[in-house]
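Please read the structure below before turning to the comments.
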Amino acid sequence: MIKVKLPSAYQKLAASHHIELNGMTNVRHLLSVLCERFPQLTDELLDSAGQPELNLLISINGEPLSNLQGWDTNLMDGDEVDLYLLLAGG
Amino acid sequence: MLRLIDRDIVEEHNLSTQMLYDECDVSDVVPKSIAAARHLSAINSNSTFEAQAAELTPANAAKLLGGVDLILDATDNFEARFLINDVALSLDIPWIYTGALAYTGLCMPIIPGKTACLRCLMEEPPEAGKLPTCENVGVWLPMVQAIVAVGTTYALRMLTGQPSEIALHELDFQTWQWRKVQVARRVDCPACEQRNFKFLQGQTGMQATKLCGRDMVHLSPEMEVHINLRVLANKLAADLLVKVSEDLLQLHLPEAEIYLFPDGRAFVKGISDTTRARALYNRYISS
């Protein structure tokens, strides 16, 4: 089981800010499953070319993807995945 | 010394969320940086406050942000933040990213040569129109205060030499969560590793920005200029309703109001179309 925490901006779109998913191989797979399950999230998570949005920051067990293998980082049972949305507002 | 930089003027809708201003600032149409400096001076006359009623641009950024120990980001757009990031890295000045939207706030200190920079987190600004704005989701005042408290705590600790764990903090008053993540520097970061400061070097032409949540456009000329507002007011007053002071010219048009500063910047109030705003500026100011 992979635990995923979404920023509250996505809470309405996914009905919850805390989601549990099974059978995720890597982060790219997780994003595609999130978009499949919650189609309203697709525009938020992916850009017009289908790539992860530039202002989307993801950490696994507190470690950002930049310290791991990026979007191809493997996921294991029990992992906690946090999605952060960098904000422009002020 | 605290240098306050803001391109805006105080408006009535600011009073419920921006604690440094009052109704007199609105009626007198005072630039925000000047009003803030006045109010802060009244609280503490032993401190020095320098007001800069200016927009941060690639042309003036090094001058406005240079010579300080720390830069505090209180901006509302990524364009300004990418510019701050470039200037801070090039001048070796730490800065603190702070942002708030709806019930969420983010804060992260950026120390050149030591921590990740903004472009380690996000290499390029997101596509135009993709991000939620205060126009469509609003800003919750207590969240602004909460995330500013995180930023000022970092600032005070950094300025007094107290070590701090550097992390990206996310506060959320919808879920009552406080999350944080320590972001490593990117080995191939174009800014802090490769020293490519394209946001500091770029931009041409008149910059037009639609202001968040309002029918107002901000215009900023490419080059620094100086306009004698009284001379211009005399020219315009023959046909139009004009009010002028040393710092501001107000031009009342049937479809909009133009607030012009001596450095050529202007707010066009009453319309949200940037092209139309440029056209009005060109018609009444540039000519």
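Naming: A, B, ... by sequence-line order, numbering from 1 per chain.
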Which of the residues [options] is involved in the greatest number of heavy-atom pairs with chain A at under 4.5 angstrom?
| options | result |
| --- | --- |
| B/E170, B/M143, B/R81 | B/R81 |
| B/K180, B/M122, B/R179, B/Q182 | B/R179 |
| B/R186, B/E124, B/M108 | B/E124 |

Does B/L72 reach the side chain of B/T98, with side-chain heavy atoms less than 4.5 Å apart? no
Are the side chains of B/E79 and B/P125 in contact, using a 4.5 Å heavy-atom criterion? no
Side chain, backbone, both or neither of [X] within contact of chain A (heavy atoms, under 4.5 Å):
| X | value |
| --- | --- |
| B/A102 | neither |
| B/V144 | neither |
| B/D172 | side chain |
| B/T75 | backbone |
| B/F173 | neither |

Over 12 non-hydrogen atoms of neighbours within 6.0 angstrom of CD in B/E12: no
Can you name the nearest heavy-atom pair linking A/M24 to A/L30, along with the distance?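 Heavy atoms only, the tightest pair is SD-CA, 3.6 Å.
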Identified side chain to side chain contact (heavy atoms under 4.5 Å, CB included) partner of B/L171 from the options B/T104, B/L106, B/V150: B/V150
Parallel, tilted or perpendicular: rings of B/W178 and B/H169 (30°, 60°):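 Because their plane-to-plane angle is over 60°, the rings of B/H169 and B/W178 count as perpendicular.
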At a 4.5 Å cut-off on heavy atoms, which part of A/L6 comes close to chain B: side chain, backbone, both, or neither?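 When you check distances to chain B, only backbone atoms of A/L6 fall under 4.5 Å.
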Sort A/S8 into side chain, backbone, both or neither according to what part of it lies under 4.5 angstrom from a heavy atom of chain B.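 When you check distances to chain B, atoms from both the backbone and side chain of A/S8 fall under 4.5 Å.
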Just grab all the side-chain hydrogen bond (donor to acceptor under 3.5 Å, both in side chains) pairs involving residues 28-37 of chain A, residues at least two apart or on different chains. A/T25-A/H29, A/R28-A/D72
